[in-house]
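Okay, so here's the structure we're looking at.
The sequence lines fix the lettering, A, B, ..., with proteins before strands; numbering per chain opens at 1.
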Amino acid sequence: MSEMIQKKNFKRIGRYLYEIPKSFRADMKAPARFYSSPTFLERLVEERALEQLVNTATMEGVYRYVMAMPDIHEGYGFPIGGVVAVDKNTGLISPGGVGYDINCGVRLLKTGITEEELAPKKRELLEEIFNTVPAGLRGKSPVRVSLEELDKFLEGGAVYAAERGFGTRNDLERIEENGRLKTADTRRVSDRAKKRGKDQLGTLGSGNHFLEFQKAVKIFDKDAAEKLRIRLDEVFVMIHTGSRGLGHQVASDYIEIMREAMKKYNIKVPDPELVSAPFTSKEGQGYFKAMSAAANFAWANRQIIMEMTRRAFNKILGIPKEQVFLIYDVAHNIAKVEGNLVVHRKGATRAFGPGNPNIPQFYRDIGQPVIIPGSMGTSSFLMLGTKKAEEETFGSTAHGAGRVLSRHKAKREVRGEELRKELEREGIAIFSRSNVGLAEEAPIAYKNIEEVVNITAETGIAKKVVQLKPIGVVKG
DNA sequence: ATGTGC
């Protein structure tokens, strides 16, 4: 393995854009680009993330350049915040390019009520959600499914969840891919993965996953906000979760399968974590089809959680279910076939611009909604995709704050109980059974979300619409 | 991220 990448190894090619040339290492097949700022660079050159990015540039079939978003940090094989596009006929697909939490993503709901209207019932409502949407590692599902029915969720994603009574057809066009990848094949998902996922539909999980009440505190784009029917002080619900144990097991399974397959295909990689297989190979297709099934599981998961949220709003506040309205749902850990490419987005959000036929008609003139969750206690943002993102980043932008402290370090440096009190003092109601879990997600463990968002906005790979501040948190 | 790691 090579030495650490230093500042002299890359050049600034735009205000917030840097490039490590192909000549940097003999095995690179394309340059490596990353969006960053002088402040972020200080930390970045000290960690392994850039070296991981360079490693991805050695992959067969890599197209134009590999890329990292400003929230880049170290991940398994690929950096989190990485975007790697490969030719679908000649390129490799890698589980590390998607991550362990397949189709981790975010959805944003509009409630139509203001913070003031919510205030008297806020805690009661959060408690109702806390009791009906399990959070944490061992949370059991509110949905009882057989292994046979689980296959229907894996095939149908949010579409099947809606048919099963969790939400309506109206929700589906507000989800990336309409909440279902048709490339799913349940036969490529191991029994072990199914067993792990069976009782986890409709559960939040742990780590940085959450359900938050947020209020709109700042509008950057009045016209777009109006089209999205977003008002200042309105309350929103943001749901951030993924495919739980099922996706994790799919990732683990195919990392093993591909480790073996690499010998057969004579694939050499600079880091063993960069396991991969030709996209067109049996193993590559196996992974893609299993990953698609796990992605569908995640969409069904968010769909069910949304419906439980609607039921809670209805029960506690008497609000009609259709008033709790889905704005959009994005995937930020996924590989997609787009045109002639397989685009790995790992900790990166699709950000298609105005006019793109893949975004619903009613958003087509403004661009695809992009949801950027902040870390606990900090702001989140609603943005829009752009034409420039389609031209420069294979239609991608950042996904969130990005860690700067490992979970381990955060745990050592933060006392969960203190943090809980501090957030409550700031008016954020915290519903979590784990103080350690809170400490791991402390704001100091993450990059400044506002700077991440500003970099993407300034470079034009996303456009700011609304800033949201948390007023209540449910997490593991 | 994850029935938390060796």
| request: Rounded off to whole Å, could you give me the CD1-to-P distance for the A:I80 and B:dT2 pair? | output: 13 Å
| note | Rounded to whole Å, the CG-P distance (A:N333 to B:dT2) equals 11 Å
| In whole angstroms, how far is the C1' atom of B:dT2 from the CD atom of A:Q200? | 9 Å
| How long is the line joining CD of A:E256 and C1' of B:dT2, in whole Å? | 16 Å
| Between A:F297 and A:F153, ring centroids under 6.0 Å | no
| said: What's A:G242 touching, base or sugar-phosphate or nothing? Going by heavy atoms closer than 4.0 Å. | reply: nothing
| field | Side-chain donor/acceptor of A:E47 to backbone N/O of A:E74, under 3.5 Å | value | yes
| note | note: A:D101, atom CG; B:dT2, atom P; distance rounded to Å ~ 6 Å
| message | Mind checking if A:R192 touches a base, just sugar-phosphate, or nothing, with heavy atoms under 4.0 Å? | response | base
| query | What nucleic acid atoms does A:E440 come within less than 4.0 Å of, heavy atoms only: base, sugar-phosphate, or nothing? | reply | nothing
| request: Nearest whole angstrom, please: distance from the P of B:dG5 to the NZ of A:K411. | output: 11 Å
| message | B:dT2, OP1 or OP2 - any side-chain N/O from A:S206 closer than 4.0 Å? | response | yes
| A:F394 vs A:Y63 aromatic rings, parallel, tilted or perpendicular, using cut-offs 30° and 60°? | tilted
| query | Does a nitrogen or oxygen in the side chain of A:R407 sit under 4.0 Å from OP1 or OP2 of B:dT4? | reply | no
| message | Once you measure the plane-to-plane angle for A:H240 and A:H332, does it fall in the parallel (<30°), tilted (30-60°) or perpendicular (>60°) bin? | response | perpendicular
| query | Given atom CD1 of A:I102 and atom P of B:dT2, what is their separation to the nearest angstrom? | reply | 12 Å
| query | Whole-Å distance between B:dG5 P and A:Y76 OH? | reply | 13 Å
| message | At 4.0 Å (heavy atoms only), tell me whether A:G207 reaches a base, stays on the sugar-phosphate, or touches nothing. | response | sugar-phosphate
| remark: side-chain contact (heavy atoms from CB on, under 4.5 Å) with A:L326: of A:L109, A:L172, A:V237, only one passes, and it is A:L109
| Touch check for A:E441, heavy atoms < 4.0 angstrom, all strands: base, sugar-phosphate only, or nothing? | sugar-phosphate
| message | Categorize A:G205 for me: base, sugar-phosphate, or nothing, with a 4.0 angstrom heavy-atom threshold over every strand shown. | response | sugar-phosphate
